[in-house]
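Below, read A as the first sequence line, B as the second, and so on, with proteins coming before strands; counting in each chain starts at 1.
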2 protein chains.
Amino acid sequence: MPAGFTVDEMKRVDEVVEKRRRIKQGELLFSNGEAFTSLYAIRTGFFKTCVTSADGREQVTGFQMAGEIIGMDGIVSDHHNCNAVALEDAEVCEMPFASVEDLSRELPGLQRHVHKIMSREIVRENSVMMLLGNMRAEERLAAFLLNLVQRLHARGLSQSELVLRMTREEIGSYLGLKLETVSRAFSKFSEEGIIEVKQRHVKIIAPEALKKIFNPQTYF
Amino acid sequence: MPAGFTVDEMKRVDEVVEKRRRIKQGELLFSNGEAFTSLYAIRTGFFKTCVTSADGREQVTGFQMAGEIIGMDGIVSDHHNCNAVALEDAEVCEMPFASVEDLSRELPGLQRHVHKIMSREIVRENSVMMLLGNMRAEERLAAFLLNLVQRLHARGLSQSELVLRMTREEIGSYLGLKLETVSRAFSKFSEEGIIEVKQRHVKIIAPEALKKIFNPQTYF
DNA sequence: GTAGTCATTTGATATGCATCAAAGACTATT
DNA sequence: AATAGTCTTTGATGCATATCAAATGACTAC
């Protein structure tokens, strides 16, 4: 995945991948408390990560798709600090973290890549905090849809159409909203002609309108 | 800071520190958009980090104290993605990130330490997401106070008394609440005899009660 | 010491989202 | 094709927190 390697280096990076693992929809890739050994590169499929409070409340902390890395929550304590659940049948590459560290001591490019991935996650979570702390329901959903479609587009998929892999409840958990509120926001966008919604199929008709909702100030 | 080094290794780690920098209360250690060059180890003082939305809303993403590292938000894009403001006169050690990377390629202990620091930040932000997404005002404040006093205690300070370095508004921003709500929650805790509040001086009278508020379920 | 500023508290009211409830739509199973 | 189960939508109502407002208290600069 990182660029700028020689053929030989690339080969060594590939060798870090210990094995492929298939995860069926609904199954856990790893769970809270489990010993941490590896990072996982998602090859296909879609995951959610979530944390649970002592009294059982669940907070979805992220949705991850092909090409993204999960498991970094486990490094600090050698145990995972969240659950990773496949939202559709998935395949991941298991990368033992000890091997990643060994090789990244030899390849500065890999080392930098690992640091960037973790930094990116920190920055992403910063913006989620902004969402949860300051935005209203429709702003949150607009931001969510724009982010999702942007990531899908970067993978060669449509800029305007997407299939949600998660329920309204999971979207709500991620955005700090109840499922009914998410549903109402979808309906509102739909009535306003901004999107078309048919179950989990969403078509973005007016991306500009979504951006405007996400960030009203830009348009003054 | 990391343990398990020989005297010689320790010396090399120390040499990564390029210089000390003093930051006066209210001043920026770094700001959003600024080129990223270094991580900073806080020697003395107290910081907040915050992000700002395009329309000017501010979200405090964390409070950092002596012994903690800030700046990791800048690695991903070579530019900082938040502001770091000193809430009291402070002194930091500047550690050029290129040197950190160079040395951590040689010292696996340092490499692991860097990874853990970043992972810890990811996990911390996960719990803030839980706070913002699922908890009510008093639960958030209880969690905040417990976290703060625990970190201070780890630094040899009191388990029960603390001086807040931030305003009610900054606490509110961190917790996704308005300053009035924070103030009311303080008053409520105070009326109930859980804490004593005199301006920014807080004395925790009944830590158990705070823990119970934070996590009611444990006590059933 | 005094004026001025900023931070905090407290009260009254408003509002956005949660909660409760029920019906409808889709999916899987038999 | 019928049935059960899950997910989603929509409506009615309630509540936690935001908003607006004003008073008080602390701190700063002169």
Report task. Would you please name every residue forming a side chain to side chain contact (heavy atoms under 4.5 Å, CB included) with B:Ala185, sequence neighbours left out? Result -> B:Glu138, B:Leu141
Requested in this report: Using side chain to side chain contact (heavy atoms under 4.5 Å, CB included) as the criterion, list what pairs up with B:Glu196, not counting sequence neighbours.
Outcome: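 Checked B:Glu196 against side chain to side chain contact (heavy atoms under 4.5 Å, CB included); matches are B:Lys203, B:Ile205.
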Send over the distance from [X] [atom1] to [N] [atom2], rounded to a whole Å.
| X | N | atom1 | atom2 | value |
| --- | --- | --- | --- | --- |
| A:Ile213 | C:dG16 | CD1 | C1' | 16 Å |
| B:Phe186 | C:dT9 | CZ | P | 8 Å |
| B:Lys188 | C:dT10 | NZ | P | 14 Å |
| B:Leu132 | C:dC17 | CG | P | 15 Å |
| A:Glu139 | C:dG16 | CD | C1' | 12 Å |

Requested in this report: Kindly write out the residues that satisfy side chain to side chain donor-acceptor pair (under 3.5 Å) with B:Ser77, not counting sequence neighbours, or none if the list is empty.
Outcome: B:Asn81
Requested in this report: Taking side chain to side chain donor-acceptor pair (under 3.5 Å) as the test, write out the residues that go with B:Ser119, two or more places apart.
Outcome: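 So B:Ser119 forms no side chain to side chain donor-acceptor pair (under 3.5 Å) with any residue.
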Requested in this report: Determine whether B:Leu175 and B:Ile171 make a side-chain contact, defined as any pair of heavy atoms from C-beta on separated by less than 4.5 Å.
Outcome: yes
Query - Positions of residues 166-185 of chain A (non-hydrogen atom under 4.0 Å from DNA chain D), listed by number - result: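 Those residues whose heavy atoms fall under 4.0 Å from DNA chain D, taken from residues 166-185 of chain A in numerical order, are A:Thr167, A:Arg168, A:Leu179, A:Glu180, A:Ser183, A:Arg184.
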Query raised in the report: Does atom CD of A:Glu18 have more than 12 heavy-atom neighbours from other groups under 6.0 Å away?
Result: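 Yes.
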Query raised in the report: the helix from C:dG1-D:dC30 to C:dT30-D:dA1: angle between its terminal axes, five pairs each, to 10°?
Result: 50°
Report task. Could you please spell out the steps behind the side chain to side chain contact (heavy atoms under 4.5 Å, CB included) verdict for B:Met65 and B:Ile42? Result -> CA-CA 7 Å; B:Met65 58 180 72; B:Ile42 303 173; 6.0 Å; no
Report summary line: Its contact letters, B for base, S for sugar-phosphate only and - for none at protein heavy atoms under 4.0 Å, make nucleotides 22-30 of chain C read ----S----
Kindly list each side-chain donor-acceptor pair under 3.5 angstrom involving residues 20-37 of chain B, sequence neighbours excluded, with atom names and distances?
residue: B:Arg21; atom: NH2; partner: B:Leu29; partner atom: O; Å: 2.9
residue: B:Gln25; atom: NE2; partner: B:Leu87; partner atom: O; Å: 3.1
residue: B:Glu27; atom: OE1; partner: B:Lys24; partner atom: N; Å: 3.3
residue: B:Ser31; atom: OG; partner: B:Glu34; partner atom: OE1; Å: 3.2
residue: B:Glu34; atom: OE1; partner: B:Ser31; partner atom: N; Å: 2.9

Query raised in the report: What pairs with A:Tyr174 under ring-ring contact (aromatic ring centres under 6.0 Å, His included), at least two apart in sequence or on another chain?
Result: A:Phe63
Report summary line: In short, B:Ile117 meets B:Met72 closest at the heavy-atom pair CG2-SD, 3.4 Å
Requested in this report: State whether a side-chain donor-acceptor pair under 3.5 Å links A:Ser173 with A:Glu58.
Outcome: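 The criterion, which ignores hydrogens and geometry beyond distance, is not satisfied for A:Glu58 and A:Ser173.
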Query raised in the report: Listed by chain and number, what are the salt bridge (charged side-chain N to carboxylate O under 4.0 Å, His left out) partners of A:Arg184, not counting sequence neighbours?
Result: none
Requested in this report: Determine which pairs satisfy ring-ring contact (aromatic ring centres under 6.0 Å, His included) with at least one residue from residues 186-209 of chain A, sequence neighbours left out, and list them in order.
Outcome: none
Query raised in the report: How would you give the extent of chain B contacts on DNA chain D, as first and last nucleotide 5' to 3' within a 4.0 Å heavy-atom cut-off?
Result: D:dT17 to D:dA26
